[in-house]
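Residues: numbered from 1 along the sequence shown. When reading the values below, keep in mind they use all heavy atoms of this one structure, side chains included, and skip hydrogens, waters and symmetry mates.
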Amino acid sequence: QVQLVESGGGLVQAGGSLRLSCATSGRTFSTYAMGWFRQAPGKEREFVAAVSWGGGSAYYADSVKGRFTISRDNAKNTVYLQMNRLKPEDTAVYYCATDYGGSPGVPRSIPDFGSWGQGTQVTVSS
């Protein structure tokens, strides 16, 4: 059973930056693709970014492309989400997730991910 723990959320002004971290345990981290999702109040959970198991490929939602960067450190079993030029519409609870393993590419749909963290709140003030 894998455990995922997000950290790094908080309150930031528009235009600012935050870096989210997701530490994992209980699984061979380097064999699984990782993703970040978010859910704003009253809205469905949506894809933000994902990275392949080796870190060589990444995919971003159009709304964050050019502002957010996903990366992973397989030696530390941790995935990161660097968020720059934050906007009020980025306000949400952010979740990290692992896929089921063996993905040939970069998964990006919620059903592709089998384990989830508890989430960390990001609030961007205008």
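- When hydrophobic clusters are built by joining Ile, Leu, Val, Met, Phe, Trp and Tyr residues whose side-chain heavy atoms come closer than 4.5 Å, directly or via intermediates, Val12 is grouped together with Val48.
- Residues Ser125 and Gln13 bring no donor and acceptor atom of their side chains to less than 3.5 Å of each other.
- In this structure, the side chain of Thr120 engages the main chain of Gly9 through a donor-acceptor pair within 3.5 Å.
- The OH atom of Tyr80 sits 14.0 Å away from the OG1 atom of Thr69 when rounded to the nearest 0.5 Å.
- Between Phe68 and Tyr94, the ring-plane angle classifies as tilted under the 30° and 60° cut-offs.
- Formation of a donor-acceptor pair under 3.5 Å by the Gln3 side chain with backbone atoms of Gln1 is found in this model.
- By the criterion of side-chain heavy atoms lying less than 4.5 angstrom apart, applied directly or through intervening Ile, Leu, Val, Met, Phe, Trp or Tyr residues, Ile70 is grouped together with Leu86 in one hydrophobic cluster.
- Note that OG of Ser30 and CZ of Arg72 are 7.0 Å apart. Values are rounded to the nearest 0.5 Å.
- When atom types are taken as modelled, the side chain of Thr78 and the backbone of Lys76 share a donor-acceptor pair closer than 3.5 angstrom.
- Under the side-chain contact (heavy atoms from CB on, under 4.5 Å) criterion, Glu46 pairs with Arg38, not counting sequence neighbours.
- A donor-acceptor pair under 3.5 Å links the side-chain atoms of Thr91 to the main chain of Val124, judged by distance alone.
- Side-chain atoms of Arg45 never come within 3.5 Å of backbone atoms of Ala40 as a donor-acceptor pair (strictly under, hydrogens ignored).
- Phe29 pairs in a side-chain contact (heavy atoms from CB on, under 4.5 Å) with only one of the listed residues (Asn77, Thr98, Asp73), which is Asn77.
- In the hydrophobic clustering of ILVMFWY residues, with side-chain heavy atoms under 4.5 Å counting as a link, Val122 and Val79 come out together.
- Nearest heavy atoms, Met34 versus Leu4: CE-CD2, 3.9 Å.
- Here CZ of Phe37 is found 10.5 Å from SG of Cys96. Values are rounded to the nearest 0.5 Å.
- Ion pair Lys65/Asp62 flagged as a salt bridge, since at least one NZ, NE, NH1 or NH2 atom sits closer than 4.0 Å to an Asp/Glu carboxylate oxygen.
- Side-chain contact between Ser17 and Met83 is absent, with no heavy-atom pair separated by less than 4.5 Å.
- Under the 4.5 Å side-chain criterion, counting only non-hydrogen atoms from C-beta, Leu11 is not in contact with Gln121.
- With hydrophobic clusters built from ILVMFWY side chains whose heavy atoms lie under 4.5 angstrom apart, Leu20 shares a cluster with Tyr60.
- Residues Val106 and Ser57 approach most closely at CG2-CB, 3.6 Å, considering heavy atoms.
- By the 30° and 60° cut-offs, the orientation of the rings of Tyr59 relative to Phe47 is tilted.
- The shortest non-hydrogen separation linking Pro107 to Asp112 is CB-CB, 3.6 Å.
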Going through the checks in order, is the side chain to side chain contact (heavy atoms under 4.5 Å, CB included) test met by Trp116 and Tyr95? CA-CA 7 Å; Trp116 296 79; Tyr95 300 89; 3.9 Å; yes
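- With values rounded to the nearest 0.5 angstrom, Trp36 atom CH2 is found 5.0 Å from Cys22 atom SG.
- For the pair Glu6 (side chain) and Gln118 (backbone), a donor-acceptor distance under 3.5 Å is present.
- Applying the salt bridge (Lys or Arg N to Asp or Glu O under 4.0 Å) definition to pairs two or more places apart or across chains, none involves residues 97-108.
- For the atom pair Ser21 OG and Leu81 CG, the distance stands at 9.5 Å (nearest 0.5 Å).
- Under the 4.5 Å side-chain contact rule for hydrophobic residues, Val51 and Leu18 share a cluster.
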